[in-house]
Asks: 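Have a look at the structure that comes next, please.
First listed ligand is number 1; within each ligand, the first listed atom is number 1. Numbers here simply count residues along the sequence, with the first being 1. Keep in mind the model is a prediction, meaning the values are calculated, not measured.
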Amino acid sequence: MDIKYVSTTCPYCGTGCGFNLVVRDGKVFDVAHWQRAPVNGGKLCPKGRYAHEFVNSPDRLTKPLIKKDGKFVEATWDEAYDLIAEKFGSYKPEETACLSSARTSNEENYLMQKFARAVLKTPNIDHCARLCHSSTVAGLATVFGSGAMTNSIQDISESKCIFIIGSNTFEQHPLIGRSIIRAKESGGKLIYADPRYTPTAKQADLYLPFVSGTDVAILNGLMQEIIKNGWEDKEFIANRTKDFEKLKEVVMKDAYSLENVSKTSGIPVESLRTAAELIGTSKPATLIYSMGITQHTVGVDNVKSTANLMMLTGNLGKPGAGVNPLRGQNNVQGACDMGALPNVYSGYQKVTDEPAQQKMKEMWGVDRLAEGKVGYTVTEMVNILADKPGELKCMYIMGENPMLSDPDLTHVEHGLKNLEFLVVQDIFMTETAAMADVVLPAACYAEKDGTQTNTERRVQRWKKAQDPPGEAKPDWQILCELGKRMGYEKQFAFESPEAIFNEVAAVTPSYHGMSYGRLDPDGLHWPCPTEEHPGTPILHKEKFAMPDGLGVFSPIEWKPPAEVPDAEYPYVLTTGRVIWQWHTGTMTRRSWSLEKEAPIGWIEINPEDAQELGISDKEVVRASTRRGSIDIPARVTPEIIKGVMFIPFHYKEHPANRLTHNALDPIAKIPEFKACSVKVEKIAEV
Ligand SMILES: Nc1nc2c(c(=O)[nH]1)N[C@H]1C(S)=C(S)[C@@H](COP(=O)(O)OP(=O)(O)OC[C@H]3O[C@@H](n4cnc5c(=O)[nH]c(N)nc54)[C@H](O)[C@@H]3O)O[C@H]1N2
Ligand SMILES: Nc1nc2c(c(=O)[nH]1)N[C@H]1C(S)=C(S)[C@@H](COP(=O)(O)OP(=O)(O)OC[C@H]3O[C@@H](n4cnc5c(=O)[nH]c(N)nc54)[C@H](O)[C@@H]3O)O[C@H]1N2
Ligand code: SF4
Ligand SMILES: [Mo]
């Protein structure tokens with residue numbers, strides 16, 4: 001028996017834990033702790049611990065499939081490539097679109113945007129960051145000049161006050177929870193604001209329950225109380241920021257007095273006062289947020305408000321402080337860094353910037369790109385497909401499952417059906433792949449080399465532990481073979497992920513100093529501009545990444561969600577996750593150790609609401625919004641605030657996104673997954 005241990009990085013969340021894949025006779029069969037892993041020191045959450053279980057699932061895609069007369073037929077790679085090349089070649093560039101994947105490596109994302117821009121010449125390239133932290137990228141870039149986590153996971157443990165708003169950290173980023181526990185052990189206080197009393201709430205010293213969609217009011221209220229008591233950091237405000245007076249004008253309004261904020265949000269005045277005092281007087285304090293802040297029509301406003309609070313209290317540029325958006329997918333930070341976005345090349349070099357276009361044309365050896373034009377976002381692509389049939393005709397989706405993960409699935413389905421040609425490249429037959437004309441079988445994380453960038457901007461290695469099943473191939477190899485087939489021999493002549501990474505480093509200023517040799521074993525935090533540079537765990541130490549170096553305060557008024565409760569739809573519906581499952585469940589639902597813990601969906605209902613509706617625990621009820629209805633078991637629990645209901649979006653049997661609202665933030669184009677209006681009814685007995 002031949003056993004080997006291959007150290008690699010977890011394929012689930014953006015924490016970026018390391019572990020060993022245990023390989024027996026050439027097949028991955030277990031995960032073992034890797035004690036010196038830089039982020040997690042060997043500890044894992046259940047998803048990491050069981051990340052081997054789906055790898056050799058009998059459901060893995062093993063052969064290219066082409067749809068003929070409505071049925072999939074196995075095909076050779078040559079047949080599949082020829083068909084894709086012929087079809088994509090027959091459309092105008094602007095009629096085509098690509099979705100890249102935060103589940104794949106940096107190298108693969110880099111190639112996908114290169115394929116879109118240099119081969120298809122289309123500006124339409126995006127990925128699931130749109131549904132996730134696009135408001136962070138847009139919001140923090142305008143106040144700090146850089147849209148990423150300002151500090152490292154490690155230094156959260158040095159904080160004296162941790163304010164978590166809209167992140168269920170202990171379920172969704174469990175190993176970041178470990179840094180929070182360390183901070184608590186040295187006397188740090190945890191404040192947690194969330195409509196639900198989650199496992200994260202159980203760790204809190206102060207819990208603030210509130211109604212979804214009232215975040216700006218709460219943050220403004222806290223700032224008013226801090227200013228009234230003189231707890232603001234006057235020196236930091238004077239030296240490092242601008243527009244404080246504009247902020248003051250808004251937050252000091254009567255609408256944001258603690259009494260009024262309490263009425264808007266449902267948080268008791270006393271709790272708000274205690275929170276303001278803790279945040280205003282603890283040094284250093286840090287703020288952590290995630291989807292509860294970003295997934296709103298006011299997502300960018302919410303993000304800017306979190307930045308206002310931390311600038312006001314001088315909590316930037318030092319250990320234990322910062323504004324820390326926790327990135328979701330394992331490589332969503334990297335997919336953004338690589339330019340799998342409609343407005344930037346890798347390293348956030350703007351596509352509208354003439355010198356950047358010129359540079360990319362030269363580096364890639366092409367005389368034409370999809371230059372100068374910002375492409376469509378994921379959410380815009382779906383809207384155009386549904387509402388303006390014929391404008392977009394042909395789409396290539398790598399490693400995303402919008403038929404469960406996008407808002408308003410009836411609308412998504414209608415849109416995707418309007419496509420003339422759809423390619424889906426995945427490791428399993430998903431709801432989206434089922435609608436495709438061609439399905440390409442990809443290798444998963446355990447079957448390829450590469451890099452991924454975690455939420456704290458740390459670039460780490462993936463290492464190949466086994467061969468892919470059947471004829472499946474790594475995404476990078478598929479993209480190279482297709483690029484060459486479409487006439488771009490030289491541009492896609494990569495023999496290995498390392499060769500692709502070297503090109504990434506050459507064209508991307510924040511990755512210039514990186515190479516595979518330097519990434520082992522601890523990875524490097526970008527920006528890492530030269531081969532000697534040690535990487536940058538903490539951003540904005542002396543100045544912000546703005547032309548004048550100053551952070552910008554943004555005066556923001558609270559606005560309610562796009563859809564608010566009324567007589568017909570009287571409750572707020574919010575959606576999210578559970579520790580045991582991952583998004584559309586393709587991987588976790590094929591991991592028996594995870595699936596058995598949470599095998600079915602549910603809707604959380606406060607006992608008072610349940611009583612009014614005559615609903616008992618575990619009863620199957622009908623939840624309806626203006627978009628659709630689903631039947632789903634009720635979980636009657638005091639752990640959700642009255643008036644708000646919650647559904648996890650993992651379950652195809654009870655798809656939350658049949659109900660969600662496709663209303664978008666005007667800047668980030670992120671949908672309002674965290675608040676719409678819902679009614680819940682008993683199902684008449686038959
Ligand atoms: N187990 C597991 N872990 C994951 C994932 C997964 O699918 N499963 N997904 C990963 C990804 S891609 C992401 S983006 C992250 C997401 O990580 P989180 O953002 O932590 O997860 P969510 O459950 O979407 O939402 C977080 C919290 O927001 C609260 N919330 C609801 N409405 C509001 C509101 O209006 N305001 C505020 N402030 N809070 C509100 C919810 O009650 C919930 O507890 O998790 C990552 N980690
Ligand atoms: N209602 C509601 N909806 C939401 C959210 C919410 O909070 N509420 N959150 C949103 C957020 S934050 C996110 S990030 C999105 C996630 O949305 P998606 O990205 O669509 O969800 P996943 O299930 O992670 O889909 C990833 C796909 O990649 C495949 N895959 C895994 N590894 C590989 C690989 O190496 N190669 C290839 N080619 N494929 C691979 C998986 O099998 C899966 O089909 O969902 C969004 N949708
Ligand atoms: S915390 Fe995230 S990266 Fe770490 S083991 Fe769990 S899912 Fe994987
Ligand atoms: Mo996400």
Asks: Just to confirm my output: which protein heavy-atom neighbour is closest to atom 19 (O) of ligand 1, and how far is it?
Replies: Met291 N, 2.8 Å
Asks: Below the 3.5 angstrom mark, is there an N/O of His296, backbone or side chain, next to an N/O of ligand 1?
Replies: yes
Asks: Looking only at protein heavy atoms, which one is nearest to atom 21 (O) of ligand 1, and how far off is it?
Replies: Gln172 OE1, 3.4 Å
Asks: Compute whether any side-chain donor of one residue and acceptor of the other, for Gln581 and Glu595, lie under 3.5 angstrom apart.
Replies: yes
Asks: Hey, is Glu108 touching ligand 2 through its side chain, its backbone, both or neither, going by heavy atoms under 4.0 Å?
Replies: neither
Asks: If you measure only the distance, is there a donor-acceptor pair under 3.5 Å linking the side chains of Thr136 and Tyr289?
Replies: yes
Asks: Nearest non-hydrogen contact with atom 23 (O) of ligand 1 belongs to which option: Arg577, His650, Gln295, Lys674?
Replies: Arg577
Asks: When you compare ligand 2 with Gly399, is there at least one nitrogen or oxygen pair between them that comes in under 3.5 angstrom?
Replies: yes
Asks: For atom 4 (Fe) of ligand 3, check which protein N, O or S atoms are under 2.8 Å away and list them.
Replies: Cys17 SG
Asks: Considering heavy atoms of the protein only, find what lies nearest to atom 47 (N) of ligand 2 and give residue, atom and distance to 0.1 Å.
Replies: Ser405 O, 2.7 Å
Asks: Check for a donor-acceptor pair, side chain of Glu400 on one end and backbone N or O of Cys128 on the other, with a separation under 3.5 Å.
Replies: yes
Asks: Test your reading of the structure: does Tyr445 have an N or O sitting under 3.5 Å from an N or O of ligand 2?
Replies: no
